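Values below: every heavy atom of this structure, side chains too, minus hydrogens, waters and symmetry copies. These numbers come from a predicted model, not from an experiment.
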Amino acid sequence: ITHPLFSGMVRHDFRCFGALCHLAAGQEVLLHGQVLFRCGDVAEKMYFVAQGDCEYYFGVSDLDPVFLWSPAHLSEAALWITWEHRGRLTASSFCELVSIDSQKFQDIVLHGSKRLPGFRTYASLFWES
């Protein structure tokens with residue numbers, strides 16, 4: 001996974017990263033045309049495209065998608081705040097995604113990380129951007 005937060009966890013808090021992989025990570029498999037989420041759905045996970053291609057349609061009536069493939073990530077906001085998806089994600093081929101359950105992520109970081117201040121700083125910077 002290519003992402004600054006998780007790359008930093010590997011370097012500075014590998015035990016916490018291991019707990020996330022074991023307890024919070026999952027796999028989503030989509031067939032061509034299958035929808036993972038729609039605009040307005042509550043976001044409960046962050047996603048990383050691991051294999052295949054996806055199309056993201058912003059809003060409810062967008063007809064011009066943004067194409068996503070590995071190592072794209074989506075819905076990071078779900079890790080930090082209550083969030084609703086702002087568009088629809090559809091598989092444009094067989095697609096595998098790695099998911100991070102936001103509630104499990106928060107529990108692990110709050111109770112199992114020796115770098116909690118760093119997570120708070122990251123979340124604050126994420127919110128400001």
Q: Between Leu20 and Met9, which heavy-atom pair has the shortest distance, and what is it?
A: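 Shortest heavy-atom separation between Leu20 and Met9 comes out as CD1-CE, 2.9 Å.
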
Q: Which atom names give the shortest non-hydrogen contact between Arg88 and Val35, and what distance separates them?
A: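 Closest approach of Arg88 to Val35: CG-CG1, 3.8 Å.
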
Q: Using modelled atom types and a 3.5 Å cut-off, is there a donor and acceptor pairing between side-chain atoms of Ser75 and backbone atoms of Ala43?
A: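 Checking the backbone N and O of Ala43 against the side chain of Ser75, no donor-acceptor pair under 3.5 Å is found.
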
Q: Kindly work out whether a path of hydrophobic side-chain contacts (I/L/V/M/F/W/Y, heavy atoms less than 4.5 Å apart) joins Ile81 to Val109.
A: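 Looking at the clustering, Val109 is in the same group as Ile81.
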
Q: Calculate, to the nearest 0.5 Å, the distance between atoms CD and CZ belonging to Glu28 and Phe48 respectively.
A: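 Reported value, rounded in 0.5 Å steps: 13.0 Å.
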
Q: Taking all non-hydrogen atoms of both residues into account, name the closest pair between Cys54 and Cys95 and its distance.
A: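 Shortest heavy-atom separation between Cys54 and Cys95 comes out as SG-SG, 2.9 Å.
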
Q: Testing the 3.5 Å rule here: is there a donor-acceptor pair between the side chains of Gln103 and Glu44?
A: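 No, because no side-chain N or O of Gln103 sits under 3.5 Å from a partner of the opposite role on Glu44.
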
Q: Going by heavy atoms in the side chains, are Cys16 and Ile108 under 4.5 Å from each other?
A: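 Counting from C-beta outward, Cys16 and Ile108 do come under 4.5 Å.
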
Q: Keeping the roles fixed (side chain from His22, backbone from Gly18), state whether a donor-acceptor pair exists under 3.5 Å.
A: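 No, His22 side chain to Gly18 backbone: no donor-acceptor pair under 3.5 Å.
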
Q: Between Tyr47 and Leu36, is the side chain to side chain contact (heavy atoms under 4.5 Å, CB included) condition met? List the steps.
A: CA-CA 10 Å; Tyr47 300 98; Leu36 180 63; 3.6 Å; yes

Q: Is there a path of hydrophobic side-chain contacts, each under 4.5 Å between heavy atoms of I/L/V/M/F/W/Y residues, joining Leu74 to Phe105?
A: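 Hydrophobic grouping puts Phe105 apart from Leu74.
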
Q: How far does CG of Asp53 sit from CG of Leu68, to the nearest 0.5 angstrom?
A: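 Taking CG in Asp53 and CG in Leu68, the distance rounds to 9.0 Å.
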
Q: Could you tell me the separation between the OG atom of Ser93 and the CZ atom of Phe67, rounded to the nearest 0.5 Å?
A: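 One finds 11.0 Å between OG of Ser93 and CZ of Phe67.
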
Q: Under 3.5 Å, side-chain donor or acceptor atoms of residues 56-65 against the rest of the protein: list the pairs with distances, not counting sequence neighbours.
A:
| residue | atom | partner | partner atom | Å |
| --- | --- | --- | --- | --- |
| Tyr56 | OH | Gly87 | N | 3.0 |
| Tyr57 | OH | Glu55 | OE1 | 2.5 |
| Asp62 | OD1 | Asp64 | N | 2.9 |
| Asp62 | OD2 | Phe58 | N | 3.1 |

Q: Atom OG in Ser7, atom NE2 in His12: separation rounded to 0.5 Å?
A: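 The OG atom of Ser7 sits 10.0 Å away from the NE2 atom of His12.
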
Q: So, taking the atom named SG in Cys39 and the one named CG in Leu89, what distance separates them when rounded to the nearest 0.5 Å?
A: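 Answer for the SG-CG pair, Cys39 versus Leu89, is 12.5 Å.
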
Q: Check whether Phe17 and Leu23 end up in the same hydrophobic cluster, where Ile, Leu, Val, Met, Phe, Trp and Tyr are linked by side-chain heavy atoms less than 4.5 Å apart.
A: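 Same cluster.
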
Q: Check Leu79 against Met46 and note the closest heavy-atom contact, atom names and distance.
A: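 Heavy atoms only, the tightest pair is CD1-SD, 3.4 Å.
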
Q: List for me each residue that meets side-chain contact (heavy atoms from CB on, under 4.5 Å) alongside Leu31, sequence neighbours excluded, and say none if there are none.
A: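 Checked Leu31 against side-chain contact (heavy atoms from CB on, under 4.5 Å); matches are Gln34, Phe94.
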
Q: Between Asp41 and Arg38, what is the shortest heavy-atom contact and its length?
A: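 Taking every non-hydrogen atom into account, OD2-N, 2.9 Å.
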
Q: Tell me whether the rings of His85 and Phe37 are parallel (<30°), tilted (30 to 60°) or perpendicular (>60°).
A: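 Aromatic pair His85/Phe37 classed parallel.
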
Q: Closest approach of Gln27 and Ser99, non-hydrogen atoms and distance?
A: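 Heavy atoms of Gln27 and Ser99 come nearest at N-OG, 4.1 Å.
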
